[in-house]
Visitor: 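I have a structure I would like to understand better, so I am pasting it below and will then ask my questions one at a time.
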2 protein chains.
Amino acid sequence: MTETPSIRLFVDSALEAGAAVQLDRGQSHYLVNVMRQPQGAGLLLFNGRDGEWLCEIAAADKKATVITVMSRTREQDAEPDVWLAFAPLKKDRTDFLIEKATELGVRRLLPVTTQHTQSARLRTDRLHATAIEAAEQSRRLSVPAIAEPASLDRVLADWPAGRRLVYLDETGTGAPLAAVLAEGHDALGFLIGPEGGFSRAELDALRNLTFSVAADLGPRILRAETAATAALAIRQSIADLNRN
Amino acid sequence: MTETPSIRLFVDSALEAGAAVQLDRGQSHYLVNVMRQPQGAGLLLFNGRDGEWLCEIAAADKKATVITVMSRTREQDAEPDVWLAFAPLKKDRTDFLIEKATELGVRRLLPVTTQHTQSARLRTDRLHATAIEAAEQSRRLSVPAIAEPASLDRVLADWPAGRRLVYLDETGTGAPLAAVLAEGHDALGFLIGPEGGFSRAELDALRNLTFSVAADLGPRILRAETAATAALAIRQSIADLNRN
């Protein structure tokens, strides 16, 4: 193969040289019908455990394509230990948030219902599919875990004390996020409130936690998915800076 | 009025105490039919020049509502001198980019066509409407200007030499964005390439400019609208930090 294949797919199967992997119906349809890939065509597979592998189509079948795993192109790496807890939004904006959080390396997504949360209904299987597609396209080697929706009380009660909880406080009591993150924390979790903001009771509860800190994202009111994307991008930029 | 009205609208009219402002048909419909606001109801108006004003509905009419301007609630402030040049994307993602750029304070948006740009067709009037709505909801006091689409060559030829051009280079030659921005520049412009990336010729042209610098946004491949949102959020976070 002269160049790296542009098609990357996430699979559950173990990946090792010589292994045969059968794609599910959806991926087979995508590869054969949509992308029109013939037998012998190259692609990349990853499973979140074994790195990324150069593969080729052994048998193109629109329902059950079989792939031969050839050689490893990238070693498995770990995403930063960052969680994102968020109050579900309207469908499009929730999908967007999942996509952006995946692109920006979030390891675990936690949908939380708050007093002002708009949409309670949430299909985590659909969110998972959105995360897989974003991981495939962002060259990520893993897919973020997506927790079942839970109440904010529940999420805070179960929160690991060793993990810093940074909540974006629109009432402006927090320090600029970059200042909060400058302290440095390996295990981190962001909490983004609903469009309506946290309730007073929720803010009081958040302030009283030993592992929480309020952060501010600037002078304008950001939509929830903007705040999530901004917070994750700022964290990553600081991490990149410290790495160099 | 006991509390600040939640409805904010952008108008072109001059705003001063006692002035009467007639809303256009679309805003009148929104206020009267959608939000069901009666005569005497409060709202906020801004025009990008005179700050934000507390107003009330003098005559509710679904086609031509008249507003009385009462008192100024916020002085006009200037957004940071940041431009965003971007290659138009699919409709939803372009709308999203406009919305996020507005929330994050961009002063001027420049759609640029590149060799790998997907969609050439672009209705700047629709982008302007998207920017107005985002400004209204983000409590911004101005609406970003939106330039007519132009070729990258044209945009670079017309670029003011005193304005630093930071282009996000997916080939990874750039320093982390936070490091690039640490130098500090009052007048700044970001350039985000298309999903397909810049062509080799375009990258060569960008590298040869006296006012350009390449920046990197981390280990994963970000979608264009993610890169734009991330870059703007990182710039703002650094500015917020320096202000404190």
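Remember, predicted model here, so these are calculated numbers, not experimental data.
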Visitor: B:Ala233, B:Ala230, B:Ala179, B:Ser6: which one forms the most heavy-atom pairs within less than 4.5 Å of chain A?
Guide: B:Ala233
Visitor: Calculate, to the nearest 0.5 Å, the distance between atoms CG and CD1 belonging to A:Leu241 and B:Ile234 respectively.
Guide: 10.0 Å
Visitor: Calculate, to the nearest 0.5 Å, the distance between atoms CZ and NZ belonging to A:Arg223 and B:Lys100 respectively.
Guide: 6.0 Å
Visitor: Please check if the number of heavy atoms outside A:Asp204 that lie under 6.0 Å from its CG is greater than 12.
Guide: yes
Visitor: Give, as side chain, backbone, both or neither, the part of B:Glu99 having an atom under 4.5 angstrom from any heavy atom of chain A.
Guide: side chain
Visitor: Measuring heavy-atom distances to chain B, does A:Thr102 have an atom under 4.5 Å in its side chain, in its backbone, in both, or in neither?
Guide: backbone
Visitor: Where do A:Arg139 and B:Glu170 land on the salt bridge (Lys or Arg N to Asp or Glu O under 4.0 Å) test, with the steps shown first?
Guide: CA-CA 12 Å; A:Arg139 303 197 59 246; B:Glu170 289 183 340; over 6 Å; no
Visitor: Can you say whether A:Leu222 sits under 4.5 Å from chain B via the side chain, the backbone, both, or neither, judging by heavy atoms?
Guide: both
Visitor: Taking all atoms of both residues into account, what is the closest heavy-atom pair of A:Gly218 and B:Asp240, and its distance?
Guide: CA-OD2, 3.3 Å
Visitor: Do you know which of B:Ala231, B:Ala134, B:Ala178 has the most heavy-atom pairs under 4.5 Å to chain A?
Guide: B:Ala178
Visitor: To the nearest 0.5 Å, tell me how far A:Arg220 CZ sits from B:Glu79 CD.
Guide: 4.5 Å
Visitor: Would you name the heavy atoms of B:Ile221 and A:Gln137 that are closest together and state the gap between them?
Guide: CB-O, 4.0 Å
Visitor: Just how far is it from atom OG of B:Ser237 to atom CD1 of A:Ile238, taken to the nearest 0.5 Å?
Guide: 6.0 Å
Visitor: Checking B:Gln236 side chain against A:Leu217 main chain: does a donor-acceptor pair fall under 3.5 Å?
Guide: yes
Visitor: What part of B:Thr229 gets closer than 4.5 Å to chain A, counting heavy atoms only: side chain, backbone, both or neither?
Guide: side chain
Visitor: Please classify the contact of B:Arg93 with chain A as side chain, backbone, both or neither, using a heavy-atom distance under 4.5 Å.
Guide: side chain
Visitor: Are there residues of residues 190-203 of chain A that reach to under 4.5 Å of chain B by heavy atoms, and which ones?
Guide: none
Visitor: If you tally heavy-atom pairs under 4.5 Å against chain B, which of A:Asp216, A:Asp77, A:Leu104, A:Leu177 wins?
Guide: A:Leu104
Visitor: Using a cut-off of 6.0 Å, state whether more than 12 heavy atoms not belonging to B:Asp186 lie near its atom CG.
Guide: no
